[in-house]
Amino acid sequence: MGNKIPLERVDANRWRIPRHYDKNMHVSGMVYADDELMELILGDNALQQVANVASLPGIVGHSLGMPDIHWGYGFPVGGVAATDAESGVISPGGIGFDINCGVRLLATDLHYEQVKGRVENLADVLFKRIPSGVGGDGMRVLSRDEMQSVMLQGAGWAVAEGYGVPEDLEMTEEQGCLQGALPEAVSQQAWARGRKQLGSLGSGNHFCEIQIVDHIYDQHAADTMGIGRKGQIVATIHCGSRGFGHQVAEDYIKLAESKQKDYGFELPDRQLACLPLQSREGQAYLGAMKCAANFAWANRQLLMDGVRTSFAEIFGRKARARDLPLVYDVCHNIAKMEEYEIDGEMKRVCVHRKGATRAFPPGHPALPEKYQAIGQPVLIPGDMGRYSFMLVGAQGSMEQSFGSCCHGAGRRMSRTAAKKAVGSKELLEMLEKKGVTIRVHSKNLLAEEAPQAYKDAQQVVNVVHNAGLASLVVRLKPIVVVKG
DNA sequence: ATGTCC
């Protein structure tokens, strides 16, 4: 079905889905891929979803698809869409179920030579200290007051509770807190789920990895981030808002679906259900989404503390935050109100990033002082067997993609297809052969995350680099993987 | 992603 879509080649890395393809489209689609990735993308219906998103009321610019794009709920994963702040809509499916799923990376001052004899020990301690698994409870149970504070203050709450240091907040997108969160817009069911889950990894593609700096593309930017030594050990955490954000998403997707007739929206897919940004319901979703985003930042802050404590336990470090500084934290499932130049005038828009990372260029006012000259760190986890990447945002993102780029390798197999194709035993053997030590809560879910189930992250990041959305800084190789 | 079906 995807191959019915007319694709116009723009250049080596970009393809247009012309607006005339479907009368519902208000704008064209723009998809970032080279020839090889486009072959994979044509294998599912993600391009149809890019075209569908172009029919959202008030969409501006292009409906965008990043090179890691694949099929998602209504919107593709790896999609970016901006809607007019006054006359446009917000679509909960355009943010996704795991609100503020995101990634953070910590540097260490350790070299692989200092760690290689303790790898098994490190894996055990991380697995012990980082709660994981489907439905898993977190590091602490929150009172109602504490839960409300987490929703309102995000990572700042966690730092005030002793999980980390104020410098961590400077190195977090939005300082780890979106203003304007509305706890009263969050259902009691979501409150109840959230109160048990703060400080937990969950399952699926979430992980904590210990990685080695494997290749350096940009020494100056790598040095600025404190990850400029080959063989240096870093830690990556990939996690979101757990059952809390999932419940918020579910509640508002249902609400939006029930309101489509009232607002006179006739969208090509009911999963695109949306709410006018300036409506009572639209503002309620935005306020609830911010609660979930803030919860996710507090969650990653607690998980990071677990990583620092693990390193302290093994390597005897006392000043943990100083020895393991946070390099940066980005979210990749979120809607943000931002300003861009569109057709020659500045416009305030709601940028839906679903499986897409903010990638602001050097000099952007939202960046901390430390990164003004190099641009925003952009963390791109690949798969557990091959590699992950650090990039920095480039000027092209402001001109082309509403300050956004890809968020990962992107699936090439569905979860069910991956489970059919890969046995958990052979996968564990393959990882061991590659020198990856793994601790996993549920072995039968692991196959869903097999490297074969993902595109080659190197190909994906090459496309955003060549298209000028972000620039390569370092490549990382996993040595320890902890998963749910 | 997810108390993977209220």
Side-chain angles (χ1 to χ4, degrees), chain A residues 44 46 49 68-79 91-103 131-138 141-142 147 186-208 237-255 257-258 271 288-289 291-293 295-297 299-300 303 330-335 352-357 381 383-384 407-411 413-420 424 440-450 453-454 482-484:
Chain A
D44 74 6
Q49 293 191 312
D68 51 343
I69 188 172
H70 59 91
W71 180 263
Y73 182 90
F75 287 58
V77 177
S91 174
I95 287 88
F97 279 93
D98 191 2
I99 296 166
N100 191 6
C101 188
V103 195
S132 67
V134 183
D137 292 349
V141 178
L142 303 175
M147 183 63 195
V186 172
S187 71
Q188 287 308 306
Q189 206 178 354
W191 274 72
R193 289 179 75 171
R195 285 174 60 186
K196 295 183 295 184
Q197 290 192 319
L198 194 74
S200 67
L201 197 56
S203 186
N205 61 3
H206 291 163
F207 63 78
C208 171
I237 293 162
H238 175 206
C239 191
S241 50
R242 305 284 287 100
F244 178 60
H246 193 276
Q247 190 64 50
V248 169
E250 186 185 320
D251 292 341
Y252 279 93
I253 284 169
K254 272 191 191 140
L255 174 72
E257 284 186 354
S258 76
Q271 294 183 351
M289 182 208 77
C291 291
F295 183 94
W297 274 311
N299 189 32
R300 290 198 288 276
L303 294 170
V330 290
C331 49
H332 57 219
N333 283 3
I334 196 99
H352 297 64
R353 295 193 182 98
K354 180 179 183 181
T357 305
D383 63 71
M384 63 174 99
H407 84 307
R411 282 195 168 277
M413 283 184 205
S414 70
R415 292 180 179 281
T416 34
K419 250 195 276 203
K420 260 188 205 164
S424 68
V440 60
H441 200 272
S442 167
K443 280 202 178 78
N444 64 344
L445 291 178
L446 189 66
E448 298 180 358
E449 300 302 322
Y454 284 90
V482 170
K483 288 187 66 67

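Residue numbering restarts at 1 for every chain, and letters A, B, ... go by the order of the sequence lines. Side chains are part of it too, since the values below use all heavy atoms of this structure and drop only hydrogens, waters and symmetry mates.
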A:Ser241 near the nucleic acid: base, sugar-phosphate alone, or nothing, with a heavy-atom cut-off under 4.0 Å?
nothing

In whole angstroms, the gap separating P of B:dT2 from CZ of A:Phe244 amounts to 14 Å

In whole angstroms, the gap separating P of B:dC5 from CD of A:Gln247 amounts to 14 Å

Rounded to whole Å, the CG-P distance (A:Leu445 to B:dT4) equals 12 Å

### Query
Checking all strands, does A:Gly240 fall into the base, sugar-phosphate, or nothing category for heavy-atom contacts under 4.0 angstrom?
nothing

A:Lys254 atom NZ is separated from B:dC5 atom P, nearest whole Å, by 13 Å

Taken to the nearest whole Å, CG/A:Asp137 to P/B:dT2 is 13 Å

> If you look at every strand shown and take non-hydrogen atoms under 4.0 Å, does A:Gln189 touch a base, only sugar-phosphate, or nothing?
Replying inline: base

Closest heavy-atom pair, A:Val248 versus A:Ala288, reported as atoms and distance to 0.1 Å, is CG1-CB, 3.8 Å

Whole-Å distance, A:Arg242 CZ to B:dT2 P, equals 5 Å

Atom CG of A:Leu446 and atom C1' of B:dT4 are separated, to the nearest Å, by 16 Å

| request: Check the pair A:Asn100, A:Ser241 against side-chain hydrogen bond (donor to acceptor under 3.5 Å, both in side chains), reporting the backbone distance first and the verdict last. | output: CA-CA 6 Å; A:Asn100 191 6; A:Ser241 50; over 6 Å; no

Atom CG of A:Asp98 and atom P of B:dT4 are separated, to the nearest Å, by 15 Å

Exercise. What is the ring orientation for A:Phe295 with A:Phe244, classed by angle as parallel under 30°, tilted 30 to 60°, or perpendicular over 60°?
Worked result: tilted

Judged by nearest nucleotide, the residue sitting upstream toward the 5' end of DNA chain B, A:Ser442 or A:Glu449, is A:Glu449

A:His407-A:His238 aromatic ring centre distance below 6.0 Å
no

